[in-house]
Amino acid sequence: MKNFIQRGDNITLDSPDDVLSGAGVKIGAIFGVANGDAATGQPVVLSTVGVFDLPKTTANDVTAGAALFWNDTAKEVTTTASGNTRIGVAIAAKSGAGTVATRLNGSF
């Protein structure tokens with residue numbers, strides 16, 4: 001196919017902030033997990049699909065299968081949709097602070 005570019009599982013964009021490998025990164029409506037460290041404005045490879053442990057807010061308990069959203073201000077996963085970007089679903093329950101196993105679904 002002449003117009004195929006790539007699968008899109010990993011994409012390279014300019015980082016909006018300084019990011020560390022494994023950090024969640026939101027650029028417009030795109031969310032991914034940084035594959036390496038990057039300074040602001042430098043290219044960063046983002047994984048847009050897969051399962052990742054991501055930091056979660058202490059305010060929300062998460063059940064397996066729950067829709068998850070990214071709070072870009074706090075740089076955390078939450079179950080609160082309002083004002084946040086949907087990024088995927090939880091594959092395991094999680095209470096309290098820490099991380100939650102999150103299956104990214106690419107862009108919604």
Side-chain angles (χ1 to χ4, degrees):
M1 186 177 344
K2 292 181 181 181
N3 58 345
F4 180 79
I5 297 171
Q6 67 181 39
R7 286 180 44 108
D9 295 349
N10 294 289
I11 57 174
T12 303
L13 297 169
D14 290 342
S15 181
D17 302 299
D18 289 350
V19 297
L20 299 176
S21 180
V25 178
K26 181 179 172 296
I27 301 172
I30 298 172
F31 179 85
V33 176
N35 285 220
D37 298 350
T40 302
Q42 296 301 306
V44 62
V45 176
L46 301 177
S47 292
T48 59
V49 295
V51 178
F52 299 89
D53 276 329
L54 294 174
K56 71 171 277 310
T57 180
T58 58
N60 297 105
D61 288 341
V62 175
T63 57
L68 297 176
F69 302 84
W70 185 251
N71 178 328
D72 201 41
T73 302
K75 306 293 186 207
E76 293 181 322
V77 172
T78 181
T79 55
T80 302
S82 180
N84 298 310
T85 302
R86 185 167 179 184
I87 62 168
V89 296
I91 64 164
K94 176 64 179 177
S95 296
T99 61
V100 60
T102 304
R103 180 184 184 279
L104 300 182
N105 290 337
S107 296
F108 284 87

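Computed from heavy atoms alone, side chains included, the values below leave out hydrogens, waters and symmetry copies.
Pairing each heavy atom of A101 with each of V51, the nearest pair is CB-CG1, 4.4 Å. Across all non-hydrogen atoms, the minimal contact from P16 to V25 is CD-CG1, 3.8 Å.
Under the 4.5 Å side-chain criterion, counting only non-hydrogen atoms from C-beta, D17 is in contact with K75.
When the side-chain contact (heavy atoms from CB on, under 4.5 Å) test is applied to A67, the partners found at least two apart in sequence or on another chain are F69, R86. Partners of A74 according to the side-chain contact (heavy atoms from CB on, under 4.5 Å) rule, which considers only residues two or more places apart in sequence or in another chain, are N71, E76.
Side-chain atoms of K56 come within 3.5 Å of backbone atoms of G96 as a donor-acceptor pair (strictly under, hydrogens ignored). Put simply, the side chain of T48 gets close to the backbone of D9: a donor and an acceptor are under 3.5 Å apart. K94 contributes no side-chain N or O that, together with a main-chain N or O of G98, makes up a donor-acceptor pair within less than 3.5 Å.
In this structure, I27 is a member of the same hydrophobic cluster as I11, with clusters built from ILVMFWY side-chain heavy atoms closer than 4.5 Å.
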Mind listing the side-chain donor-acceptor pairs of residues 30-46 below 3.5 Å, one per line with the distance, residues two or more places apart or on another chain?
from: N35; atom 1: ND2; to: V33; atom 2: O; distance (Å): 3.1
from: N35; atom 1: ND2; to: V45; atom 2: O; distance (Å): 3.3
from: N35; atom 1: ND2; to: S47; atom 2: OG; distance (Å): 2.9
from: D37; atom 1: OD1; to: S21; atom 2: N; distance (Å): 2.7
from: T40; atom 1: OG1; to: D18; atom 2: N; distance (Å): 3.1
from: T40; atom 1: OG1; to: D18; atom 2: OD1; distance (Å): 3.0

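Considering CG of L68 and CG of L54, their distance stands at 8.5 Å, rounded to 0.5 Å. Here the straight-line distance linking atom CG of D72 with atom NZ of K26 works out to 5.5 Å at 0.5 Å rounding.
Paired with N60 under the rule side-chain contact (heavy atoms from CB on, under 4.5 Å), one option of V100, V77, T79 passes, and it is T79.
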